[in-house]
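By convention in this document, chain letters (A, B, ...) are assigned in the order of the sequence lines, proteins followed by strands, and residues within each chain are numbered from 1. Computation of the quantities below employed the complete heavy-atom set of this structure, encompassing side-chain atoms and omitting hydrogens, waters and symmetry-equivalent molecules.
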Amino acid sequence: TAREAPAPFRVALVTPGSIADAAWNSGAFTGLNWIHDSLGVPVSHVEARTPAEQEEALRTYAEQGYNLVFGHGFEFQGPAERVSTEYPGAVFIITSGERVQGNVAPLIFRLHEASYLAGMVAGGVTKSGMIGFVGGVELPPVREASEAWVAGARAVNPQVRSRTTYLNNWDDAALGREAARALIRVGADMLHHNADAAAIGVFQAARETQGVYVFGANADQAALAPAQVLGSAVIDLPRAFLLVAREVQGGTFVPRVESFGLASGVVQYVPNHALDSLVPAALAARVRAAEDSIRQQDGP
Amino acid sequence: MDPMAVAGDVLVAAVGIATPLALAATGEVLAERSGVVNLGIEGAMLFGALGGAIGATVAGSATGLGVGILAGVLVAALFAAVAIGAGADQIITGTAVTLASVGLTGTIYRQFYGPAGVGLSLPTLSPIPIPFLADLPLIGDALFAQPVTTYLMYILVPLVWYLLFRTRPGLAVRAVGEDPTAARAAGVSVRLTRAWAVLAGGALAGLAGATLVLAQVGTFTERMTAGRGFIAIAIVVLGRWNPVGAGLAALLFGLATALQFALQAAGLDVPYQFFLMLPYLLTLFALAGAVGRGQAPAALGKSEG
Amino acid sequence: MRSNLRALGIGAAALLIGLFLLAVGLELAGYDAGAALAALWDGAFGSWRAFTGATLVRAVPLILIGLGFALALRGGALNIGAEGQFYAGAIAAAWVGVHAGGWPAWVALPAVALAGLAAGALWMLLPVILKLRFGVLEVITTLLLNFVAEALVSFMVQGPMQEPSGIYPQSAPIVEAARLPFLFGSRLHAGFVVALLVALALAWVFARTWWGFRLRALGEGPRAAEVSGRVRAGRMLAVALLWSGALAGLAGAFEVSGVSYALYQNLSPGYGFTAIGVALLARLRPSAIVLTGVVFAALEAGAGAMQRDAGIPAVAVYVVEGVVILVLLLGDAAARRQASRRAVPVVDGSP
Amino acid sequence: MLLTLTGISKSFGAVQALRDVDLAVAAGEVHAVLGENGAGKSTLMHIADGLLPPDTGTVAVDGRPVRFRSARDARGHGIGMVHQHSTAVPAFSVMENIALAAGWAVAPTRLRRRVEALTERLALPLDPSLPASTLSVSLKQRLEIIKALAAEARVLLLDEPTAVLAPAESEELFRFVRRFTQGGGGVALITHKLEEALAVADRITVLRRGAVVLSSPRSEVTAEGLTTAMIGGSLVVAPPAVPLRDGPVLVQCEGLEVRGDGGRGLRQASCTIRGGELVAVAGVEGNGQRELLRAVAGLTRPFRGLLEVARPVAFVPEDRTTEGLIPSMTLTENVVLGVGRAASWVTGRGVRRVDWSAARQRTAELADRFDVRSDGTEATAGSLSGGNQQKLLVARALERRPRVLVAENPTRGLDLQATAEVHGRLHAAAAAGAAVLVYSNDLDEVLVLGDRVLVAAGGVITEAPAGIDRVRLGAMILGQGGPDAE
Ligand SMILES: Nc1ncnc2c1ncn2[C@@H]1O[C@H](COP(=O)(O)OP(=O)(O)OP(=O)(O)O)[C@@H](O)[C@H]1O
Ligand SMILES: Nc1ncnc2c1ncn2[C@@H]1O[C@H](COP(=O)(O)OP(=O)(O)OP(=O)(O)O)[C@@H](O)[C@H]1O
Ligand SMILES: [Mg+2]
Ligand SMILES: [Mg+2]
């Protein structure tokens, strides 16, 4: 799209992993495409896996005059702070970031609020009283999700026991499956994850075992195992990205801690309605109530 | 819970994890016995996985296995053309082939299923219990109630052993790997023999990749082999360049990995990183305990100018 | 000389043909090949900034690790555990760097470098012992220890070395005094100079010293070297391997003190493996390792630019990288074959 | 004609190894090929065996021109070759090596039986299951011969087959060769031993510097004529040096016991060698002499007993391309390795440096003095002909100015002139005050060389009486109850 502007508005995204993970990174890439389509601005994307590459990517985008740069993960906070002092003209948005500094601002998703709701469902539905969580790498948002999931389950059933397994890997689906199967072996019948592509193996393990159910993360993952996914803790990354991009383009953006929880609608717990029959009505009502009260607390 | 049952389940997992490793390692034994280190098997496995996924999407699991094998052979052919045909360094060639494979599988996958399109979920091969044997205590399920790919592994490992140590082509392969000059003096074509060995190794790596998809995860993800090719190469050394040894080493590694997850799932209060180290440390101890003393084929890795 | 030129010409021709095929492939896949290759070039060499900040910065660990790999392989030992030794060096360097508060830079910087060297060598100790004591091949022990090192870093950044807030899986930043100075006002840190010095030193050791010569003899004819009575194979290999680990550890230390300023989990994009290619393509010659190190680094730097500026997806960029390396290899093989028309013994006595 | 080579030329870089050479092998005939080291004999055989393509010229089998692309093609035309150096795969067993060469099936029990039958028929016994790497050089040679014969060849190319055989073994071989030619086969035989050529050949061709200088039926040549043709003049033999009397004791052993490979070894040795003495050891392979020499050279540690050896010691191993030289390294580098840091070109303290130009210069001098023919000091040792490799090894050992010099089969594969030169050098070293200890499997050489003769039998070393003759020495090495080679 040709626009008559001296310096065209441009948006860049740096992801820490492949955008084909059907979760964290793919959501961000979709967000970038939304920005391109809705605002008609040029966009660019780079995958950068190491701290050095990440800093270099941010710096190069700023150097090239990109106005808005998304660093997709807490790990971009430090590099962005270092780079931003040299390029005050660019806005750096760090998803899951920590704090505001200059023109660096975090975009926080309280996914754990949705994971808490997922945990409640799990706590109510579990027959064995044991739930399991598979994490990719033990990052802060991953740990928060895992803790909220357990807390949610215990809120419904204080007797619930839980186990957590880490893979140290985001790509290895076969390993994800083995981790899930090991959890199932010790009795877990409700599984949740935050392991990106590796989690596909978790869904597979659930599909293989009668009576085991699983909760998606980051995106609505019901399609991965329609008969086993009870619900997903979802981040509507595209919506959040677009929101920020509009502000920055319009010149109204003020660096701040932008945090999205259930109240914003950007983070949601999306039940798989095909399996509604498995969730007792009373439990569903309790989950809805909890959701409302969290929204209330979040609320403006 | 019944400890016997838990142990049995861990063994089931161990054999499952070991199957693709043993297949790939057996293929690599063949290549290395001919004097060729093929680091491209990581790429061949990845292509085998993608081939398995595409084949199974189009025409079912059996086709998936076939396409996976074919894909592995094609990757090995690229490796062979550069490393054996042109005589380029084997290690760099293997690395480059793997790098290109990571990219190509990703690109092809996105062409088929969309840039962010997972959603692909294939039916996996279900375990086939073998009558009577599957009822054995402890090991019955682990060894005899597995998907067909595990039984293929049971057949292929001794078959490759037989090929290498009891047939003339196998003798030629070993001669070329030990002493190309002597082999040439005996009338063996060094390059041709190596090419065949590498292609056969590629077929097994492809099968290993297809196994990951069709017997385990039921879908393809980018980089899903996650370094299994390199582990397979370690297993070759651990198994002393013998298919049967490699099969056992793969089992050991599978067991250590299964144990690792079992321990994490047991909820012990130990940093999980120590469990992650377990398979590798265990292997190291096995090596120190005299298992790993072996002699590499004398001409291993030396390209033929 | 004439035949060298001819060999160079043939190598260059193979390269051009390969690049042309690559361009055709990119066009067929629906990408703009011209833009992609231009971005590859620009990202690596296009500007002073790119050349120093993207290419040479990456070249530092590749050169150091490549030199260490070459050192061991000259004596016939394969160290494929540089990745692990790199992490060991990074852990030690970060630890020293974080605790170097109040030290002057001339103390802190050498301390960081020494910590890296020592930790890299230490990480090599187990393979050396297993090799000398039990005859276990170093190929496999060094490889296995890579995985252990990765888990260890993960533990460190979430356990004893985690930053003070205890939230993020990274260490606290190292103090200013422990950060390597930049060269010529670019992002290139002083570790580059050290890498060049190490290359020079190693070139001298290989070409001029008695030790370097005996090491090479051991690598090329282990039995004859031992029978000659000049070489105690075990000791010599141990020294070479420990230095090899130390150099990889130094690379890790420089990555922390020159680039990342803190310990992170995925500090290395696989430098330890890429550097093997760097060393082998250079045929273990230190001066050539500097060159191939820069070439491989340029390729990685250019890869980023291809995504950024030409919109080639990361996965397709891997294909380009892989193919460029294969093309380099083919060019090199063609050139070599041309140059070495000198016959090799057809059937000699060497078994 | 079974095999006809016509107008063969071949160059390696600047070296022209063969120049318009003709050679024909007829059915029922032994055609001996003689020539000094580096004359091009092995190269010619490699061309006949399909391992090397000729630059010009043709190869014909049964009168029909053929073009071999590999040894396999040559095998297909009934050509078999025994290489000068072992081409056995070290990690393979004897029978696997034979199966590889002969194209036999490898099922172990059947293979073993087949190999046993063959070795029995050939009267060349060899344990089928021994790994080739553990064989002594002479047993490796035996394996070479068995390999070539197993493939049912009609033409046998034998490249110095007897260089490392004991006299009795050589006689066995020639009995076999005669049977082979009587059965219609043809043989090309390379040897440096004139009397062998004269004894078994029907026709003799002499190569010098890559060209044929003589080719006639056996009946028309004499030993003198051959010698003149081979070296282009008459043999120069250094006058034997006067043995030094009452030199200091440089080697002393007492009740020495050394463990060998596979259980056997040195069981008992007591000896004293003084400076100025040249002591030769006679013995059949595997009777302890190898262990004795290697212990004196400092390569193996004695198991029991006393051993005192003056330093420095220099050692010339029999296996020249794995234990002696490093084939991929240059002549200079091999010399530098052998001489060590005692040499003038290793300088500096702490970090010792090598002055390569000094080393090159010295290597060039050595090559010149010992007549090592090569492409220059920067040629690789692997590109030298076998005899020239040996000369380089000896030159390098002497360059150390050893007080004790130990040599195993030091003239193996050397031509007449070179053999005479090496003998001269060994004597000269002794005359200069060194203690020289030599093992040779050639009894004549032992008798010619040794001031004193030691006999190894059954792992026990005894001294032969002064003035012993060949027959009695032969009896001593076999007859005293010692284990045979096999
Ligand atoms: N520069 C060096 N650095 C380390 N070790 C060395 C060095 N030079 C020699 N050595 C070791 O010392 C031992 C003896 O070496 P060498 O035989 O060259 O010297 P030497 O024994 O003093 O002299 P000679 O052999 O003449 O008696 C060898 O094992 C060798 O590895
Ligand atoms: N592969 C090779 N590369 C370079 N030069 C070679 C090669 N093979 C042989 N030569 C050279 O060709 C010449 C003939 O060598 P060849 O081995 O045929 O000699 P030979 O007559 O068999 O000698 P010997 O009696 O010592 O075995 C020598 O000068 C040798 O250095
Ligand atoms: Mg010869
Ligand atoms: Mg010494």
Side-chain angles (χ1 to χ4, degrees), chain B residues 29-30 32-36 84 87 158-197 236-237 240-245 293-305, chain D residues 42 45-46 48-52 68-93 95-111 131-133 140 143-144 146-148 150-151 153 157 159 321-322 327-328 382:
Chain B
V29 166
L30 211 47
E32 292 201 9
R33 277 285 180 171
S34 82
V36 181
I84 302 171
L159 194 69
V160 170
W161 178 88
Y162 183 84
L163 182 79
L164 270 176
F165 297 102
R166 288 292 179 272
T167 70
R168 271 205 54 73
L171 188 72
V173 165
R174 286 186 293 133
V176 161
E178 289 290 345
D179 190 342
T181 324
R184 192 175 310 108
V188 175
S189 164
V190 176
R191 288 185 187 200
L192 215 60
T193 309
R194 289 189 168 170
W196 278 116
V236 170
V237 183
R240 299 182 185 204
W241 289 274
N242 182 319
V244 177
R293 256 177 276 175
Q295 199 58 55
L300 187 61
K302 305 209 168 80
S303 49
E304 262 247 314
Chain D
S42 296
M45 294 302 125
H46 286 158
D49 195 42
L51 284 166
L52 278 177
F68 296 150
R69 272 160 310 153
S70 76
R72 186 197 202 86
D73 294 347
R75 272 337 142 258
H77 284 85
I79 293 169
M81 175 154 180
V82 170
H83 288 271
Q84 181 173 7
H85 298 120
S86 169
T87 58
V89 178
F92 280 13
S93 65
M95 58 183 180
E96 282 179 321
N97 271 299
I98 293 170
L100 179 69
W104 289 356
V106 291
T109 27
R110 271 194 35 225
L111 178 59
S133 60
K140 274 187 189 147
L143 173 58
E144 277 308 278
I146 299 171
K147 273 163 55 184
L157 312 172
D159 194 351
T321 47
T322 54
S328 60

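- The main-chain N or O of D:Val106 is never found under 3.5 Å from a side-chain atom of B:Arg168 such that the two would form a donor-acceptor pair.
- The heavy-atom pair separating D:Thr87 from B:Ala182 by the smallest distance is O-CB, 2.9 Å.
- Most heavy-atom pairs under 4.5 Å with chain B, from the set D:Ala151, D:Ala101, D:Ala99: that is D:Ala99.
- The choice from D:Ala107, D:Ala74, D:Gly103, D:Gly76 that makes the most heavy-atom pairs within less than 4.5 Å of chain B is D:Gly103.
- Expressed to the nearest 0.5 Å, how far CZ of D:Phe92 lies from CG of B:Asp179 amounts to 9.0 Å.
- Looking at every heavy atom in both residues, B:Ala185 comes nearest to D:Leu51 through CA-CD2, 4.0 Å.
- D:Leu111 CG to B:Arg166 CZ: the interatomic distance, rounded to the nearest 0.5 Å, is 10.0 Å.
- When each of D:Arg75, D:Lys147, D:Glu96 is scored by its heavy-atom pairs under 4.5 Å with chain B, the top score falls to D:Glu96.
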